Amino acid sequence: MDQVDFNKLWQNFVDTVTNHYMDFNGRVGRAQFWWYILVVVVLAIGVGIVSAITLGLLSALFSLAIFLPNLGMTIRRLHDSGKPGIWALLLVVPLLLSIFSGLMALSFGIYGMFGMFFALFELIRLASLVAAVVLIYFCVQPGDAGDNAYGPAPAPWTPQGAAKPTTPPSS
């Protein structure tokens, strides 16, 4: 089995963040998408550890900085399987509902209808989990083999480096 080229993984991440920061058009293959997500998760864990030791703001800044590249990669991954990119916003609905219900809970005061809003928060968390599972399911599906409405099929991408040339044995 070929070894993973960590430099290629990092270059994929850097290319996405710098050259495709707000790129919501086109397609991206499964391998390139999931290896990008792996790098994001590893970076998020590292930032989370540093953020826990120091000021907690670092983790929030990282999440904010990586939001648009993640959204773009997810939309292009959905495009690869012929689905509209609007499905990527599936996770935004529970977030907006939680913000709205939180504001409503604050307007009623801490006492009042707090029990009702606590139950509503649990339903919103359940909706968020369902939305995440649906989105992951869509992203693991194979892409369309040929061209689709969102563009040509993406070039094959692997995390392995270029094959090293072999030299014939000297006689």
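Values in this document were obtained by computation on a predicted structure and should not be read as measured data.
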Using atom types as modelled, flag every donor-acceptor pair under 3.5 Å from a side chain in residues 129-146 to any protein atom, sequence neighbours excluded.
unit_1 : atom_1 : unit_2 : atom_2 : d
Q141   : NE2    : Y137   : O      : 3.2
D144   : OD2    : N148   : ND2    : 3.0

Decide yes or no on side-chain contact (heavy atoms from CB on, under 4.5 Å) for F33 and R76, but give the supporting numbers first.
CA-CA 9 Å; F33 173 79; R76 290 185 288 138; over 6 Å; no

Just verifying a value: how many Å separate Q32 CD and M73 CE, rounded to the nearest 0.5 Å?
5.0 Å

With I86, which residues qualify under side chain to side chain contact (heavy atoms under 4.5 Å, CB included), at least two apart?
P84, L89

Which atom of A88 lies closest to which atom of L71, heavy atoms considered
CB-CD1, 3.9 Å

Of all residues at least two apart in sequence or in a different chain, which pass the side chain to side chain contact (heavy atoms under 4.5 Å, CB included) check with S81?
K83

To the nearest 0.5 angstrom, please state how far the CG atom of L38 sits from the CG atom of L43.
9.5 Å

When T18, N19, N12 are each screened for side-chain hydrogen bond (donor to acceptor under 3.5 Å, both in side chains) with D15, the one that passes is N19

Go through the structure and list residues passing side chain to side chain contact (heavy atoms under 4.5 Å, CB included) with L64, not counting sequence neighbours.
none

V50: partners by side chain to side chain contact (heavy atoms under 4.5 Å, CB included), with sequence neighbours left out
T54, L58

Who passes ring pair (Phe, Tyr, Trp, His ring centres under 6.0 Å) against W34, sequence neighbours left out?
none

For the OG atom of S59 and the CD1 atom of I45, what is their distance to the nearest 0.5 Å?
11.0 Å

What residues form a side chain to side chain donor-acceptor pair (under 3.5 Å) with R77, not counting sequence neighbours?
D80

CG of N70 to CD1 of I37, rounded to nearest 0.5 Å, is 5.0 Å

Centre of W157's six-membered ring, under 6.0 Å away, within 45 degrees of the axis: is that where NZ or CZ of K8 sits?
yes

Set of residues satisfying side chain to side chain donor-acceptor pair (under 3.5 Å) with respect to N7, sequence neighbours excluded
none

With a 4.5 Å limit on heavy-atom distance, are the side chains of L9 and P159 in contact?
yes

Residues pairing under ring-ring contact (aromatic ring centres under 6.0 Å, His included) where one sits in residues 49-82, two or more places apart or in two chains, turn out to be H79-Y150

Sequence neighbours excluded, every pair satisfying side-chain hydrogen bond (donor to acceptor under 3.5 Å, both in side chains) that has a member inside residues 37-47
none

So, taking the atom named OG1 in T16 and the one named CD in Q11, what distance separates them when rounded to the nearest 0.5 Å?
10.5 Å

Who pairs with Y21 by ring pair (Phe, Tyr, Trp, His ring centres under 6.0 Å), at least two apart in sequence or on another chain?
none

Applying ring pair (Phe, Tyr, Trp, His ring centres under 6.0 Å) to F13 and not counting sequence neighbours gives W10, Y36

